[in-house]
Amino acid sequence: MTALGPRDADVAPTDSSDDSPTGIATGGPGSATKPDEATPEVSADPSDEVVGASPSAQSPTRSATQPSPESATQPSAPEGVLGRAHRSLSIGIVSVVLLIAFEATAVGTAMPVAARELHGIPLYAFAFSAYFTTSLFAMVLSGQWADRRGPLAPLTTGIVAFAVGLLLSGTAQTMLLFILGRAVQGLGGGLVIVALYVVISRAYPERLRPAILAAFAASWVIPSVVGPLASGAITENLGWRWVFIGIPALVVFPLALALPAIRRMAAGPADPEAPVPPFDRQQIRLALGISLGAGLLQYAGQDLRWLSLLPGVVGAALLVPAVLGLLPRGTYRAARGLPSVVLLRGVAAGSFIAAESFVPLMLVTERGLSPTMAGLSLAVGGATWAFGSFVQSRPRMEPYRERLVSFGMVLVAAAIAVVPTVLIPSVPVWVVGVAWGFGCFGMGMVIASTSVLLLKLSAPEEAGSNSAALQISDGLSNVMLLAVGGAVFAALGGGSVAAHSTVAGAAGGSHPTAFAAVFLPMACVALVGAWVATRLREREA
């Protein structure tokens, strides 16, 4: 994989409207050539004519339609993600993320009712794991597809598959059909997320990428607060099926808005004149192996019996070579540059999500909160996550990106370590909300920054494959650390917590050791991420 340094024309907002053939901005400090100083002897750069340095632009006999010297030399302000060139694309792709966010936050509320009505409580966990396992395969497929043909086809196919999966789940009459719908959703989600990264790499200059990724983070704020409440109201008044069936109707708007802009700005292969290589069959086989291996390991982690060791061993045998083949070389040892970026994404996402999954359960069973109050205790995290992503998007923060990421991981580790202190009765419950707010602020800086760094270190023709590796690291670490945390929790007696707690949320069946055994190791994993963050920059030549 070719690690490219930032292109000057993309990294810094230019102080001139330079359209020179070289594509290199001349607006940096100390390098800009002022029009009144430009002479043919000093500079032969064709861009001087564009900024008004030519004699004809300064002639007193110019026509009335020609711009004045002042207007010709006035630098044009660089447009943002909502500028005329990117407005429709930005609104369209952010709308896609918004729909995915609503689905992710709403489905969790409707899932228990759906499983009970379909008599599928024993298969409840597979309704979640089916999504993750198929998405791992789809990420690799989407990366290869986008690198060879452009992101338009995998993005369109992914959105359609996502909608079809929702309809399958919403109309299912058995739990197996419901799980099949979730698997189809996972295929669509994996195709979409990687294709969106390729769209960003091709359609946005590097200086705008932090801002559009911050918009992605912000699009999760409202769904994280409104999604569960809206889903609960729909489930109670209309039925759980409408949570799934209602979302596909909303897909039409982002498709109509984003696809024409993608076709214009990011369609086709990165190099139209280069021959299109065939799909890498070896990579596809590895993708199948990673999906099947992750599924078997999840099954083994949920069924703590000696017989479960067999699918666990088979899953590991499939997973290990697949991971080594699909992630950049040196990822497992935190090699500098791209491998560390990919590794950090997995460490950050896995430790945070694995810990967050047990926070509501701990508050309900150990401190007697209602499920609604336990969920709302984490709601502030959506806003602080978006704020952290906004902070990293500021141009003045670019020279300090690696330090921001290290600081963010320290915040994440501290938040995860502080949360289980509420197992002590004298510690007020609001400590969880405050700690998780700081942790989400750190995650906002880390997740967006790893995306920015990945695109910065990827050649255009490798953006799809590298984005797939980033998402695989993210998704796989979620699966693995959740499986490990769940197994430890169950082994220490945590599995009996729900049986002892009342429906109203009264505390009972205290198992503080089981919860501590989940949170404290995840805090240590996050601290490892703080060290990995020191290796994101490649060595200077």
Side-chain angles (χ1 to χ4, degrees), residues 3-8 10-13 28-29 197 200 204-218 328 330-331 333-352 355 381 383-418 434-458 466 470 473-474 477 522-541:
L4 296 183
R7 291 168 293 178
D8 295 338
D10 289 341
V11 173
Y197 274 85
I200 293 172
Y204 293 87
E206 191 163 341
R207 64 179 178 83
L208 292 182
R209 292 173 188 169
I212 190 62
L213 290 168
F216 280 12
T331 299
R333 55 182 175 85
R336 287 189 174 274
L338 184 64
S340 286
V341 172
V342 173
L343 177 61
L344 177 62
R345 179 60 164 263
V347 170
S351 60
F352 184 84
T384 57
W385 188 307
F387 182 61
S389 187
F390 170 80
V391 168
Q392 66 79 38
S393 72
R394 299 297 86 195
R396 69 182 65 180
M397 294 296 181
E398 183 60 35
Y400 312 104
R401 185 168 299 280
E402 287 76 13
R403 295 182 184 178
L404 281 178
V405 174
S406 296
F407 177 62
M409 288 307 304
V410 171
L411 287 179
V412 172
I416 296 174
V418 167
V434 174
W436 218 244
F438 280 101
C440 287
F441 175 74
M443 284 294 289
M445 292 191 293
V446 171
I447 296 300
S449 290
T450 53
S451 302
V452 170
L453 289 168
L454 177 108
L455 296 177
K456 179 179 179 180
L457 296 171
S458 300
N466 290 346
L470 188 77
S473 178
D474 187 318
S477 66
M522 296 306 161
C524 294
V525 173
L527 280 179
V528 172
W531 171 77
V532 175
T534 64
R535 302 178 61 80
L536 302 180
R537 188 185 298 273
E538 293 183 318
R539 293 186 183 276
E540 298 293 338

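Along the sequence shown, residues are numbered consecutively beginning with 1.
Checked against side chain to side chain donor-acceptor pair (under 3.5 Å), S340 has no partners two or more places apart in sequence or in another chain. The side chain to side chain donor-acceptor pair (under 3.5 Å) test applied to S449 returns R401, not counting sequence neighbours. The side chain to side chain contact (heavy atoms under 4.5 Å, CB included) check on T331 picks up L327, P328, P339, V342, L343, with sequence neighbours excluded. Partners of R394 under the side chain to side chain contact (heavy atoms under 4.5 Å, CB included) rule, at least two apart in sequence or in another chain, are F390, R396, M397. Residues meeting the side chain to side chain donor-acceptor pair (under 3.5 Å) test with W436, sequence neighbours left out: E356.
Using a 4.5 Å heavy-atom cutoff, the side chains of F387 and C440 are not in contact. Within the 4.5 Å cutoff, side-chain heavy atoms of E402 are placed close to those of L453.
Put simply, CG on L338 and NZ on K456 are 13.0 Å apart, with the number rounded to the nearest 0.5 Å. If you take CD1 on I447 and CZ on F216, they are separated by 14.0 Å, rounding to the nearest 0.5 Å. Taken from CG in L208 to CD1 in I212, the straight-line distance is 8.5 Å, to the nearest 0.5 Å. The line from CG of L404 to CG of L411 is 10.5 Å long, rounded to the nearest 0.5 Å. Taken from CE in M445 to OG in S406, the straight-line distance is 10.0 Å, to the nearest 0.5 Å.
Here the side chain of E398 pairs no donor or acceptor atom with the backbone of P395 at under 3.5 angstrom. Judged by distance alone, with hydrogens and angles left aside, the side-chain atoms of Q392 form no donor-acceptor pair with the main-chain N or O of G444 at under 3.5 Å. Judged by distance alone, the side chain of S473 and the main-chain N or O of L470 form no donor-acceptor pair under 3.5 Å. Formation of a donor-acceptor pair under 3.5 Å by the S393 side chain with backbone atoms of A211 is not found in this model. Put simply, the side chain of S389 never gets that close to the backbone of W385: no donor and acceptor are under 3.5 Å apart.
Between A355 and I416, the closest heavy-atom pair is CB-CG2, 3.9 Å. Across all their heavy atoms, V412 and G442 have their closest contact at CG2-C, 4.2 Å. Nearest heavy-atom pair across S351 and V525 is CB-CG1, 3.9 Å. L457 and L536 make their closest contact through CD1-O, 4.4 Å (heavy atoms, listed as atom of the first residue, atom of the second, distance).
Within the structure, salt bridge (charged side-chain N to carboxylate O under 4.0 Å, His left out) contacts touching residues 341-352 (residues at least two apart or in different chains) are R345-D474.
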